[in-house]
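Presented below is the structure to which this report refers.
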Amino acid sequence: MSNVSSSNSQGVRVPKLRFPGFEGEWRETPISDLLDFQNGINAAAEKYGSGIKYISVSDILNLPYITYDTIKGLVDIDGNTLDNFAVNYGDILFQRSSETQEDIGHSNVYLDSKTATFGGFVIRGRKIGEYNPVFFKHLLDTQNARKVITRLGAGAQHYNIGQDSLRTIQLYFPKTEEQNKISELLLLIDKKISLYKIYIELLKSYKRGVSNRIFRDMYDSSWRTICLGDICSITMGQSPDSSSYNTDGIGLPLVQGNADITNGITTPLRYTSNPTKICESGSIILSVRAPVGTVSRANQRVCLGRGVCAITSSNTDFIYQLLLCYQDSWKRIEQGGTFTAISGDDISFFSVAVPDCELQNRIAVFLSQFDTKIRNEDIILQSLQKQKSALLQQLFI
(Lines give C-alpha, C1' and ligand atoms only; values in the text may rest on other atoms or scores of the structure.)
Protein backbone atom coordinates (compact mmCIF):
# COMPACT_ATOMS: atom_id res chain seq x y z
CA MET A 1 0.00 0.00 0.00
CA SER A 2 1.10 3.59 -0.63
CA ASN A 3 1.19 5.44 2.67
CA VAL A 4 0.63 9.18 3.02
CA SER A 5 1.86 10.03 6.48
CA SER A 6 3.87 12.20 8.83
CA SER A 7 4.25 12.43 12.59
CA ASN A 8 5.40 14.76 15.30
CA SER A 9 8.75 14.53 17.09
CA GLN A 10 7.42 11.72 19.33
CA GLY A 11 6.28 9.67 16.34
CA VAL A 12 2.60 10.17 17.13
CA ARG A 13 0.20 10.45 14.17
CA VAL A 14 -1.17 13.91 14.87
CA PRO A 15 -0.95 17.22 12.97
CA LYS A 16 1.39 20.04 14.04
CA LEU A 17 -1.56 22.44 14.44
CA ARG A 18 -4.79 21.30 16.07
CA PHE A 19 -8.02 22.85 17.33
CA PRO A 20 -8.46 22.77 21.14
CA GLY A 21 -10.42 19.85 22.53
CA PHE A 22 -9.29 17.21 20.02
CA GLU A 23 -6.99 14.41 21.13
CA GLY A 24 -5.77 11.03 19.98
CA GLU A 25 -3.96 9.81 16.91
CA TRP A 26 -5.43 10.00 13.45
CA ARG A 27 -6.52 6.66 12.04
CA GLU A 28 -4.84 5.12 9.00
CA THR A 29 -7.51 4.36 6.39
CA PRO A 30 -7.20 2.74 2.94
CA ILE A 31 -8.76 5.01 0.32
CA SER A 32 -10.57 1.92 -1.03
CA ASP A 33 -12.59 1.80 2.23
CA LEU A 34 -13.98 5.27 1.44
CA LEU A 35 -14.29 5.38 -2.36
CA ASP A 36 -15.45 3.02 -5.10
CA PHE A 37 -13.76 4.01 -8.38
CA GLN A 38 -15.09 4.18 -11.93
CA ASN A 39 -13.82 5.72 -15.17
CA GLY A 40 -15.97 8.33 -16.91
CA ILE A 41 -18.07 8.21 -20.05
CA ASN A 42 -16.58 9.20 -23.41
CA ALA A 43 -19.08 11.63 -24.87
CA ALA A 44 -19.05 14.91 -26.77
CA ALA A 45 -19.96 17.68 -24.36
CA GLU A 46 -21.43 21.00 -25.38
CA LYS A 47 -20.86 24.21 -23.46
CA TYR A 48 -24.39 25.44 -23.99
CA GLY A 49 -27.62 23.62 -24.79
CA SER A 50 -29.77 21.04 -23.06
CA GLY A 51 -28.81 17.89 -21.23
CA ILE A 52 -27.07 16.72 -18.07
CA LYS A 53 -24.19 18.67 -16.54
CA TYR A 54 -20.90 17.03 -17.55
CA ILE A 55 -17.81 17.29 -15.33
CA SER A 56 -14.54 17.55 -17.26
CA VAL A 57 -10.87 17.84 -16.30
CA SER A 58 -11.13 21.64 -16.51
CA ASP A 59 -13.81 21.60 -13.81
CA ILE A 60 -11.47 19.62 -11.55
CA LEU A 61 -8.53 21.96 -12.11
CA ASN A 62 -10.18 25.38 -12.33
CA LEU A 63 -12.85 25.31 -9.63
CA PRO A 64 -12.30 25.50 -5.86
CA TYR A 65 -15.24 23.10 -5.51
CA ILE A 66 -17.47 21.57 -8.18
CA THR A 67 -21.16 22.47 -8.01
CA TYR A 68 -23.99 22.02 -10.48
CA ASP A 69 -24.09 25.73 -11.35
CA THR A 70 -20.34 26.06 -11.98
CA ILE A 71 -20.17 23.20 -14.52
CA LYS A 72 -20.35 24.49 -18.12
CA GLY A 73 -20.39 21.24 -20.11
CA LEU A 74 -23.61 19.42 -21.01
CA VAL A 75 -24.20 16.00 -22.49
CA ASP A 76 -27.29 14.18 -23.76
CA ILE A 77 -27.47 10.66 -22.30
CA ASP A 78 -30.24 8.20 -21.49
CA GLY A 79 -31.41 7.33 -18.02
CA ASN A 80 -29.52 4.02 -17.76
CA THR A 81 -26.25 5.70 -18.73
CA LEU A 82 -26.84 8.41 -16.19
CA ASP A 83 -27.38 5.80 -13.49
CA ASN A 84 -23.95 4.30 -14.25
CA PHE A 85 -22.07 7.59 -14.53
CA ALA A 86 -23.87 9.79 -12.01
CA VAL A 87 -21.97 12.10 -9.68
CA ASN A 88 -23.57 12.80 -6.32
CA TYR A 89 -22.79 14.96 -3.30
CA GLY A 90 -19.46 14.09 -1.69
CA ASP A 91 -18.03 12.10 -4.60
CA ILE A 92 -14.32 12.79 -5.25
CA LEU A 93 -13.20 13.21 -8.87
CA PHE A 94 -9.63 12.71 -10.10
CA GLN A 95 -7.85 13.87 -13.25
CA ARG A 96 -6.98 10.62 -14.97
CA SER A 97 -4.46 11.78 -17.61
CA SER A 98 -2.03 14.69 -17.95
CA GLU A 99 0.91 15.85 -20.05
CA THR A 100 2.80 16.79 -16.88
CA GLN A 101 3.49 14.61 -13.87
CA GLU A 102 2.76 17.52 -11.52
CA ASP A 103 -0.87 17.66 -12.67
CA ILE A 104 -1.68 13.96 -12.72
CA GLY A 105 -4.35 12.79 -10.32
CA HIS A 106 -5.54 16.22 -9.20
CA SER A 107 -8.78 15.87 -7.27
CA ASN A 108 -11.88 17.89 -6.50
CA VAL A 109 -15.17 17.25 -4.76
CA TYR A 110 -18.77 17.59 -5.92
CA LEU A 111 -20.78 19.68 -3.44
CA ASP A 112 -24.32 19.78 -4.77
CA SER A 113 -27.52 17.80 -4.22
CA LYS A 114 -28.27 17.74 -7.98
CA THR A 115 -26.95 14.83 -10.03
CA ALA A 116 -24.28 15.39 -12.69
CA THR A 117 -22.20 13.03 -14.83
CA PHE A 118 -18.47 12.88 -15.62
CA GLY A 119 -16.11 12.61 -18.58
CA GLY A 120 -13.69 10.03 -19.95
CA PHE A 121 -10.51 11.65 -18.61
CA VAL A 122 -11.98 11.64 -15.10
CA ILE A 123 -12.13 8.94 -12.42
CA ARG A 124 -15.05 9.16 -10.02
CA GLY A 125 -14.58 8.08 -6.41
CA ARG A 126 -18.10 7.19 -5.26
CA LYS A 127 -18.57 7.84 -1.56
CA ILE A 128 -18.98 4.51 0.26
CA GLY A 129 -17.39 5.38 3.62
CA GLU A 130 -17.89 8.14 6.16
CA TYR A 131 -15.88 11.33 5.64
CA ASN A 132 -16.30 15.07 5.36
CA PRO A 133 -15.91 15.72 1.61
CA VAL A 134 -14.26 19.15 2.06
CA PHE A 135 -11.73 17.65 4.47
CA PHE A 136 -11.05 14.78 2.06
CA LYS A 137 -10.50 17.13 -0.87
CA HIS A 138 -7.94 19.20 1.07
CA LEU A 139 -6.23 16.11 2.44
CA LEU A 140 -5.61 15.03 -1.16
CA ASP A 141 -4.17 18.50 -1.89
CA THR A 142 -1.44 18.26 0.75
CA GLN A 143 2.19 17.85 -0.28
CA ASN A 144 2.42 14.36 1.19
CA ALA A 145 -0.62 13.13 -0.70
CA ARG A 146 0.44 14.82 -3.96
CA LYS A 147 3.88 13.19 -3.77
CA VAL A 148 2.32 9.75 -3.53
CA ILE A 149 -0.20 10.40 -6.32
CA THR A 150 2.36 11.83 -8.75
CA ARG A 151 4.68 8.91 -8.05
CA LEU A 152 1.87 6.52 -8.95
CA GLY A 153 1.20 8.37 -12.23
CA ALA A 154 2.81 6.20 -14.89
CA GLY A 155 4.05 7.32 -18.28
CA ALA A 156 7.02 8.76 -20.12
CA GLN A 157 5.73 11.76 -22.10
CA HIS A 158 2.08 11.43 -21.05
CA TYR A 159 1.12 10.55 -17.47
CA ASN A 160 -1.81 8.42 -16.41
CA ILE A 161 -3.22 7.15 -13.17
CA GLY A 162 -5.71 4.34 -12.82
CA GLN A 163 -8.16 2.94 -10.33
CA ASP A 164 -5.79 0.21 -9.15
CA SER A 165 -3.12 2.79 -8.31
CA LEU A 166 -5.55 4.99 -6.39
CA ARG A 167 -6.77 2.00 -4.37
CA THR A 168 -3.26 1.48 -2.95
CA ILE A 169 -3.22 4.86 -1.21
CA GLN A 170 -3.64 5.01 2.57
CA LEU A 171 -4.54 8.26 4.31
CA TYR A 172 -4.79 9.42 7.93
CA PHE A 173 -8.18 10.65 9.14
CA PRO A 174 -9.30 12.13 12.47
CA LYS A 175 -12.77 11.63 13.87
CA THR A 176 -15.64 13.21 11.97
CA GLU A 177 -16.01 16.08 14.47
CA GLU A 178 -12.42 17.17 13.88
CA GLN A 179 -12.83 16.80 10.10
CA ASN A 180 -15.85 19.11 10.29
CA LYS A 181 -13.95 21.74 12.32
CA ILE A 182 -11.04 21.80 9.88
CA SER A 183 -13.44 21.96 6.94
CA GLU A 184 -15.27 24.99 8.38
CA LEU A 185 -12.00 26.93 8.51
CA LEU A 186 -10.91 25.92 5.02
CA LEU A 187 -14.30 26.81 3.55
CA LEU A 188 -13.96 30.33 4.98
CA ILE A 189 -10.46 30.69 3.51
CA ASP A 190 -11.59 29.38 0.12
CA LYS A 191 -14.55 31.77 0.14
CA LYS A 192 -12.16 34.70 0.62
CA ILE A 193 -9.89 33.44 -2.16
CA SER A 194 -12.87 33.02 -4.47
CA LEU A 195 -14.06 36.55 -3.77
CA TYR A 196 -10.63 37.94 -4.66
CA LYS A 197 -10.64 35.93 -7.89
CA ILE A 198 -14.08 37.28 -8.78
CA TYR A 199 -12.99 40.84 -7.95
CA ILE A 200 -9.89 40.54 -10.13
CA GLU A 201 -11.93 39.18 -13.05
CA LEU A 202 -14.40 42.06 -12.66
CA LEU A 203 -11.52 44.55 -12.76
CA LYS A 204 -10.15 42.91 -15.91
CA SER A 205 -13.58 42.92 -17.51
CA TYR A 206 -14.14 46.58 -16.65
CA LYS A 207 -10.75 47.53 -18.07
CA ARG A 208 -11.53 45.65 -21.31
CA GLY A 209 -14.75 47.64 -21.62
CA VAL A 210 -12.95 50.94 -21.06
CA SER A 211 -10.23 50.00 -23.57
CA ASN A 212 -12.79 49.07 -26.20
CA ARG A 213 -14.53 52.38 -25.64
CA ILE A 214 -11.27 54.28 -26.16
CA PHE A 215 -9.75 52.38 -29.06
CA ARG A 216 -12.84 51.28 -30.97
CA ASP A 217 -15.56 53.86 -30.27
CA MET A 218 -14.07 57.20 -29.25
CA TYR A 219 -11.36 57.83 -31.84
CA ASP A 220 -12.10 60.53 -34.47
CA SER A 221 -10.65 61.91 -37.68
CA SER A 222 -7.64 63.29 -35.83
CA TRP A 223 -6.39 59.72 -35.22
CA ARG A 224 -4.04 58.43 -37.94
CA THR A 225 -4.54 54.95 -39.42
CA ILE A 226 -1.10 53.44 -39.99
CA CYS A 227 0.68 50.08 -40.02
CA LEU A 228 2.21 48.78 -36.82
CA GLY A 229 5.59 48.46 -38.53
CA ASP A 230 5.62 52.23 -39.24
CA ILE A 231 5.82 53.10 -35.55
CA CYS A 232 7.28 49.95 -33.98
CA SER A 233 10.41 47.85 -34.11
CA ILE A 234 9.54 44.16 -34.45
CA THR A 235 11.95 41.32 -33.59
CA MET A 236 10.80 37.83 -34.55
CA GLY A 237 11.93 35.04 -32.25
CA GLN A 238 14.29 32.24 -33.23
CA SER A 239 14.71 29.15 -31.09
CA PRO A 240 18.27 28.40 -29.99
CA ASP A 241 19.83 24.95 -30.34
CA SER A 242 18.06 22.66 -27.87
CA SER A 243 21.42 21.44 -26.57
CA SER A 244 21.86 24.88 -24.95
CA TYR A 245 18.67 24.56 -22.84
CA ASN A 246 19.14 24.28 -19.08
CA THR A 247 17.37 24.89 -15.77
CA ASP A 248 20.54 25.97 -13.93
CA GLY A 249 20.30 29.69 -14.76
CA ILE A 250 23.08 29.54 -17.35
CA GLY A 251 22.69 32.22 -20.02
CA LEU A 252 19.40 34.03 -20.64
CA PRO A 253 15.85 33.00 -19.71
CA LEU A 254 14.07 31.51 -22.76
CA VAL A 255 10.55 32.57 -23.73
CA GLN A 256 9.18 30.10 -26.29
CA GLY A 257 5.46 30.80 -25.99
CA ASN A 258 2.52 31.16 -23.62
CA ALA A 259 3.86 28.45 -21.29
CA ASP A 260 6.58 30.94 -20.29
CA ILE A 261 4.11 33.74 -19.47
CA THR A 262 1.95 34.12 -16.34
CA ASN A 263 -0.62 36.91 -15.88
CA GLY A 264 0.90 38.94 -18.71
CA ILE A 265 4.46 38.74 -17.32
CA THR A 266 7.36 36.59 -18.54
CA THR A 267 8.01 33.62 -16.23
CA PRO A 268 10.42 31.40 -18.23
CA LEU A 269 10.93 27.80 -17.19
CA ARG A 270 14.28 27.28 -18.95
CA TYR A 271 17.47 29.10 -19.88
CA THR A 272 19.67 28.98 -22.94
CA SER A 273 23.45 29.35 -22.96
CA ASN A 274 23.35 30.20 -26.67
CA PRO A 275 20.72 32.98 -27.09
CA THR A 276 19.62 33.91 -30.60
CA LYS A 277 17.16 36.82 -30.67
CA ILE A 278 17.20 38.96 -27.51
CA CYS A 279 14.42 41.03 -25.94
CA GLU A 280 15.12 43.79 -23.41
CA SER A 281 13.14 44.29 -20.21
CA GLY A 282 9.99 46.36 -20.74
CA SER A 283 9.45 45.24 -24.32
CA ILE A 284 6.09 43.92 -25.50
CA ILE A 285 6.02 40.18 -26.23
CA LEU A 286 3.42 38.97 -28.72
CA SER A 287 2.69 35.26 -29.30
CA VAL A 288 2.95 34.37 -33.00
CA ARG A 289 1.96 30.70 -32.75
CA ALA A 290 -1.20 29.15 -31.38
CA PRO A 291 -2.72 30.80 -29.53
CA VAL A 292 -1.84 33.83 -31.65
CA GLY A 293 -2.03 37.41 -30.34
CA THR A 294 -1.48 36.99 -26.60
CA VAL A 295 0.20 40.15 -25.27
CA SER A 296 2.61 40.39 -22.35
CA ARG A 297 5.55 42.46 -21.06
CA ALA A 298 9.11 41.27 -20.51
CA ASN A 299 10.13 41.91 -16.90
CA GLN A 300 13.71 40.89 -17.62
CA ARG A 301 16.16 40.47 -20.51
CA VAL A 302 15.19 37.23 -22.30
CA CYS A 303 15.88 35.13 -25.38
CA LEU A 304 12.96 34.96 -27.82
CA GLY A 305 11.95 31.53 -29.13
CA ARG A 306 10.10 31.05 -32.39
CA GLY A 307 6.68 31.20 -30.74
CA VAL A 308 6.93 34.90 -29.88
CA CYS A 309 8.17 38.27 -31.12
CA ALA A 310 9.22 41.47 -29.35
CA ILE A 311 7.73 44.90 -30.11
CA THR A 312 9.11 48.28 -29.02
CA SER A 313 8.30 51.87 -29.98
CA SER A 314 8.81 55.45 -28.85
CA ASN A 315 5.70 54.93 -26.67
CA THR A 316 5.77 51.24 -25.83
CA ASP A 317 3.29 51.71 -22.96
CA PHE A 318 0.63 53.02 -25.36
CA ILE A 319 1.27 50.28 -27.95
CA TYR A 320 0.98 47.69 -25.18
CA GLN A 321 -2.50 48.94 -24.23
CA LEU A 322 -3.50 49.14 -27.91
CA LEU A 323 -2.43 45.56 -28.61
CA LEU A 324 -4.20 44.29 -25.49
CA CYS A 325 -7.43 45.70 -26.90
CA TYR A 326 -6.83 44.09 -30.31
CA GLN A 327 -5.77 40.62 -29.11
CA ASP A 328 -8.73 38.92 -30.82
CA SER A 329 -8.12 40.69 -34.14
CA TRP A 330 -5.22 38.40 -35.05
CA LYS A 331 -7.64 35.52 -35.59
CA ARG A 332 -8.67 37.12 -38.90
CA ILE A 333 -5.18 36.85 -40.36
CA GLU A 334 -3.60 33.82 -38.68
CA GLN A 335 -2.66 30.95 -41.00
CA GLY A 336 -2.54 27.19 -40.55
CA GLY A 337 -4.79 24.34 -39.52
CA THR A 338 -3.87 22.55 -36.30
CA PHE A 339 -1.11 25.02 -35.39
CA THR A 340 -1.95 28.57 -36.44
CA ALA A 341 0.68 31.30 -36.80
CA ILE A 342 1.32 34.84 -37.98
CA SER A 343 4.42 36.14 -39.79
CA GLY A 344 6.59 39.19 -39.34
CA ASP A 345 4.87 40.80 -42.33
CA ASP A 346 1.46 40.13 -40.79
CA ILE A 347 2.55 42.04 -37.71
CA SER A 348 4.31 44.83 -39.58
CA PHE A 349 1.30 45.52 -41.84
CA PHE A 350 -1.26 45.22 -39.04
CA SER A 351 -3.43 48.35 -39.29
CA VAL A 352 -4.00 50.48 -36.18
CA ALA A 353 -5.41 53.93 -35.42
CA VAL A 354 -3.35 56.18 -33.16
CA PRO A 355 -3.88 59.71 -31.76
CA ASP A 356 -1.25 62.40 -31.26
CA CYS A 357 1.63 61.77 -28.83
CA GLU A 358 0.09 63.75 -25.97
CA LEU A 359 -3.13 61.75 -26.05
CA GLN A 360 -1.15 58.50 -26.40
CA ASN A 361 0.62 59.29 -23.12
CA ARG A 362 -2.63 60.16 -21.34
CA ILE A 363 -4.30 56.94 -22.51
CA ALA A 364 -1.29 54.83 -21.49
CA VAL A 365 -1.15 56.40 -18.02
CA PHE A 366 -4.91 56.02 -17.50
CA LEU A 367 -5.11 52.37 -18.54
CA SER A 368 -1.91 51.42 -16.72
CA GLN A 369 -3.62 52.44 -13.47
CA PHE A 370 -6.02 49.53 -13.99
CA ASP A 371 -3.05 47.20 -14.53
CA THR A 372 -1.44 48.38 -11.30
CA LYS A 373 -4.66 47.80 -9.36
CA ILE A 374 -5.12 44.34 -10.88
CA ARG A 375 -1.50 43.44 -10.18
CA ASN A 376 -1.75 44.56 -6.54
CA GLU A 377 -4.94 42.56 -5.97
CA ASP A 378 -3.31 39.54 -7.60
CA ILE A 379 -0.38 39.84 -5.18
CA ILE A 380 -2.85 39.68 -2.28
CA LEU A 381 -4.54 36.66 -3.88
CA GLN A 382 -1.22 34.85 -4.29
CA SER A 383 -0.38 35.61 -0.67
CA LEU A 384 -3.69 34.11 0.48
CA GLN A 385 -3.06 31.01 -1.60
CA LYS A 386 0.44 30.61 -0.14
CA GLN A 387 -0.93 31.04 3.38
CA LYS A 388 -3.53 28.37 2.73
CA SER A 389 -0.89 26.02 1.33
CA ALA A 390 1.27 26.50 4.42
CA LEU A 391 -1.75 25.97 6.68
CA LEU A 392 -2.58 22.68 4.97
CA GLN A 393 0.83 21.34 5.96
CA GLN A 394 0.11 22.22 9.61
CA LEU A 395 -3.49 20.95 9.80
CA PHE A 396 -2.94 17.58 8.09
CA ILE A 397 -0.54 14.65 8.42
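In this text the structure is predicted, and so the values were computed from the model without any measurement. All residue numbers in this chain count up from 1 along the given sequence.
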Under 4.5 Å between any side-chain heavy atoms of Leu74 and Ile52, yes or no? no
Judged by atom type as modelled, is there a donor-acceptor pair below 3.5 Å linking the side chain of Tyr110 to the main-chain atoms of Lys114? yes
Would you tell me whether Asp345 and Ser348 have side-chain atoms, one donor and one acceptor, within less than 3.5 Å of each other? no
Is the ring pair Phe136/Phe173 parallel, tilted or perpendicular, if the boundaries are 30 and 60 degrees? perpendicular
If we ignore angles and hydrogens, is there a donor and acceptor under 3.5 Å between the side chains of Tyr245 and Gln256? yes
Donor-acceptor contact below 3.5 Å, side chain Gln95 vs main chain Val57: no
Could you list the donor-acceptor pairs under 3.5 angstrom formed by side chains in residues 261-269, with sequence neighbours left out?
| from | atom 1 | to | atom 2 | distance (Å) |
| --- | --- | --- | --- | --- |
| Thr262 | OG1 | Thr267 | OG1 | 2.8 |
| Asn263 | ND2 | Asp378 | OD2 | 3.2 |
| Thr266 | OG1 | Asn299 | N | 3.2 |
| Thr266 | OG1 | Asn299 | OD1 | 2.6 |
| Thr267 | OG1 | Thr262 | N | 3.4 |

Side-chain donor or acceptor of Ser211 paired with backbone N/O of Lys207 under 3.5 Å: yes
Determine whether the side chains of Asn39 and Gln163 contain a donor N or O and an acceptor N or O closer than 3.5 Å. yes
Using modelled atom types and a 3.5 Å cut-off, is there a donor and acceptor pairing between side-chain atoms of Asp230 and backbone atoms of Ile226? no
Verify whether one side chain among Asp217 and Asn212 offers a donor that lies under 3.5 Å from an acceptor in the other. no
Using only atom types and a distance under 3.5 Å, with no angle test, would you say the side chain of Gln360 pairs donor to acceptor with the backbone of Val354? no
Regarding Asn84 and Thr81, do their side chains bring together a donor and an acceptor under 3.5 Å, going by distance alone? no
Do Asn274 and Thr272 have side-chain atoms, one donor and one acceptor, less than 3.5 Å apart? no
Is the terminal nitrogen or CZ of Lys127 (NZ for Lys, CZ for Arg) located under 6.0 angstrom from the six-membered ring centre of Tyr131 and within 45° of that ring's axis? yes
Mind checking whether Phe19 and Leu185 have side chains closer than 4.5 Å, heavy atoms only? yes
Would the distance check show the side chain of Ser343 and the main-chain N or O of Asp346 forming a donor-acceptor pair, the cut-off being under 3.5 Å? yes
Kindly indicate whether the side chain of Pro133, heavy atoms from C-beta on, has any atom under 4.5 Å from the side chain of Leu111. yes
I'd like to know whether Tyr320 forms a side-chain contact (heavy atoms from CB on, under 4.5 Å) with Arg297, so could you lay out the CA-CA distance, the side-chain angles of the two residues, the decisive distance to 0.1 Å, and finally the verdict. CA-CA 8 Å; Tyr320 171 69; Arg297 295 295 289 269; 3.3 Å; yes
Any side-chain donor near an acceptor of the partner, Thr312 and Ser283, under 3.5 Å: no
For Ser368 and Asp371, indicate whether the former's side chain and the latter's backbone hold a donor-acceptor pair under 3.5 Å. no
Asn246 side chain vs Gly249 backbone, donor-acceptor pair below 3.5 Å: yes
Just checking Arg216: does its CZ atom have more than 12 heavy atoms from other residues, nucleotides or ligands closer to it than 6.0 angstrom? yes
When you check the side-chain N and O atoms of Thr276 and Gln238, is any donor under 3.5 Å from an acceptor? no
Could you work out, with ring pair (Phe, Tyr, Trp, His ring centres under 6.0 Å) as the rule, every residue matching Phe121, not counting sequence neighbours? none
All side chain to side chain contact (heavy atoms under 4.5 Å, CB included) counterparts of Asn132, not counting sequence neighbours: Val134, Phe135, Gln179, Asn180, Ser183
Is there a donor-acceptor pair under 3.5 Å between the side chain of Lys53 and the backbone N or O of Tyr68? yes
Would you verify whether the NZ or CZ of Lys181 falls within 45 degrees of the ring axis of Phe22 while also being under 6.0 Å from that six-membered ring's centre? no
Crowded around Arg306 CZ? As in, over 12 foreign heavy atoms under 6.0 Å? no
